[in-house]
Colleague: 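Structure provided below as structure tokens; questions to follow.
Computation of the quantities below employed the complete heavy-atom set of this structure, encompassing side-chain atoms and omitting hydrogens, waters and symmetry-equivalent molecules. Chain letters run A, B, ... following the sequence lines, proteins first and then strands; every chain starts at 1.
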2 protein chains.
Amino acid sequence: MTELLLARLESHMPLEPADRAGLLALPAQSRQFSARSSTLTGKLIDNHVHVIDEGFACRYRDLPDGRRQILSILVPGDIIDLRQFVLGGTQPLLAALSPLSMSAIPNEKLLKLLETSPRATRALWSTTLVEESISREWLVSIGKRSALERVAHLLCEVYLRLAAVARTTGPRFPLPLTQSELADVLGLSTVHVNRTLQELRKSGLITFQSGMVELFDFDALATLGLFSPGYLHLRDPGKIKPVPA
Amino acid sequence: MTELLLARLESHMPLEPADRAGLLALPAQSRQFSARSSTLTGKLIDNHVHVIDEGFACRYRDLPDGRRQILSILVPGDIIDLRQFVLGGTQPLLAALSPLSMSAIPNEKLLKLLETSPRATRALWSTTLVEESISREWLVSIGKRSALERVAHLLCEVYLRLAAVARTTGPRFPLPLTQSELADVLGLSTVHVNRTLQELRKSGLITFQSGMVELFDFDALATLGLFSPGYLHLRDPGKIKPVPA
DNA sequence: CGCCAGGTTGAGGGACGTCAACCGCGGTGG
DNA sequence: CCACCGCGGTTGACGTCCCTCAACCTGGCG
């Protein structure tokens, strides 16, 4: 099993050596997905739980008339189909936002681990609770934050989430979303996202070109977006400090 | 432990007799809260998980400048502080929307059960996943649905959730929210909620007075709100026909 | 009887959406 | 090697859904 998932689990709650060993003993089959923005549904291995090793994906829901809402952005270390595994039923659609590399763990192996390790179970449970916490913060964004605040908030969030899995280089990080996809994340129109990004650029707070973001002043952006990192449940949120302009 | 919680757990996934016995053996202390719209934070019993037996509550988040977003509506059978129990950290604020009756289960008893019953663990895990699923559907509402659609959708959701715990009487059910609170649920202003409710009343679809709702045509409301009940993960969604796609 | 929270109504405004171009660029094929 | 194509980004004009502000109304309650 991937080290990355282990780091993710431990970033939310501590584990004992025995749990760690059990998790590391899980067999993982590596799998690549190249197509961008294509649906992943049906391409994942049945009866396996997938962990993103590299790349970005998203969950989304379509309304009958073509409206689309992106429900979550998935980054390295995120677990794709835990909720399907636990809850069953139908889940939101999945799409790749970039080339993806994933590890697939057979459900029955995972099930066996969960039956013997309550702490590992709680660690996995925790990851789904953190995701829920993020969903809720997005509710606050879409419900109450202005367009400018929403964009600022999202950039802060993604920055910290990527920093936690060492996918940032200083103040820069990849965010392979088109402005239209960003609009579907934020509950805005493409045009308005465009104008909002321009405003942030003109303020000298960010750059955003070809899927790469640079944050020139994280603190200012956090203030602007009414961002406070508690909801991400990172154990060391203060460790990451931005590079000033 | 309350029968209600057991019914809730089994409404999402089947349990074995042993699990059921373990859950029923949990000691529960009953607790009443009378004040309406007051914060519950600090009034719950520490190191206990609470289950709502009767009444309504909500989770909410305040922004520094006074904006408020209600993140979830909690109805009988919902578990209040499972995520605190599993994940720790800070959680959204809680408020009572009506007089509340709750059962409190000591954390350590629950912990002991979870260590011996993986299936009960998954059942409880499932309840948090269903809540997440609801949060996500709210994201779709606030992000993409019009005001009229949002109100219609919410009423359909609450109706089915209450029906699942036998808190509806025919087409009528309690919804003890002011229009201003409804606005904070739906990401709208109070005034616009008022006008939207009037429109639904004039269409003959609903009545909504002093915290009681009556749905005259659930199917029409579901169609209007682009409502499809899958996300609630009820095992018996009734004879409600879903909206396609 | 008066207060007050909640509900209702109207006028006016603003943030964001829609529509429709146009641009720049990488990919592709002739 | 260049013409073409199409997607993503940008811009302007205009429209609208929803917000804000500010009354006023209503009913329950002390």
Colleague: Looking at every strand, decide which applies to T190(A) at a 4.0 Å heavy-atom threshold: base, sugar-phosphate, or nothing.
Modeller: nothing
Colleague: Let me know the distance between CD of E181(A) and P of dG8(D), rounded to the nearest Å.
Modeller: 7 Å
Colleague: Kindly point out which of dG9(D), dC16(C), dG7(C) is positioned nearest to the side chain of T178(B)?
Modeller: dG7(C)
Colleague: Please give, in whole Å, the distance from dT18(C) P to L188(A) CG?
Modeller: 11 Å
Colleague: For the pair made of NZ in K202(B) and C1' in dT8(C), what is the distance, rounded to whole Å?
Modeller: 11 Å
Colleague: For G187(A), which contact category applies under a 4.0 Å heavy-atom criterion: base, sugar-phosphate, or nothing?
Modeller: sugar-phosphate
Colleague: Would you mind reading off the distance between Q179(B) atom CD and dC19(D) atom P, rounded to a whole angstrom?
Modeller: 13 Å
Colleague: Under 4.0 Å, heavy atoms only, any strand: does R145(B) hit a base, just the sugar-phosphate, or nothing?
Modeller: nothing
Colleague: Taking only side-chain nitrogens and oxygens of R67(B), does any of them come within less than 4.0 Å of OP1 or OP2 of dC19(D)?
Modeller: no
Colleague: In terms of relative ring orientation, are H50(A) and H48(A) parallel, tilted or perpendicular, with 30° and 60° separating the classes?
Modeller: tilted
Colleague: With respect to the side chain of N194(A), which nucleotide from dT10(D), dT8(C), dA11(C) is positioned closest?
Modeller: dT10(D)
Colleague: By nearest heavy atom, map Q198(B) and A147(A) onto DNA chain C; which one lands nearer the 5' end?
Modeller: Q198(B)
Colleague: Measuring from the side chain of V191(B) (C-beta onward, heavy atoms only), which nucleotide among dC16(C), dG12(D), dC21(D) has the closest atom?
Modeller: dC21(D)
Colleague: From CZ of R68(B) over to C1' of dC19(D), roughly how many Å is that when rounded to an integer?
Modeller: 19 Å
Colleague: Rounding to an integer number of Å, can you tell me how far K144(B) NZ sits from dC17(D) C1'?
Modeller: 15 Å
Colleague: Is the closest side-chain donor-acceptor distance between R59(A) and S72(A) under 3.5 Å?
Modeller: yes
Colleague: Would you call R201(A) and E214(A) a salt bridge, taking side-chain N to carboxylate O under 4.0 Å as the test?
Modeller: no
Colleague: Return the nearest nucleotide to the side chain of R195(A); candidates are dG10(C), dC16(C), dT11(D).
Modeller: dT11(D)
Colleague: For L97(A) and dC7(D), give me the distance from atom CG to atom P, rounded to whole Å.
Modeller: 18 Å
Colleague: Given the side-chain rings of H153(A) and Y159(A), with only the six-membered ring counted for Trp, is the space between their centroids under 6.0 Å?
Modeller: no
Colleague: Answer yes when E3(A) and R8(A) have at least one side-chain N-carboxylate O distance shorter than 4.0 Å, and no when they do not.
Modeller: no
Colleague: Using atom NE2 of H192(A) as one end and atom P of dG9(D) as the other, report the distance to the nearest whole Å.
Modeller: 17 Å
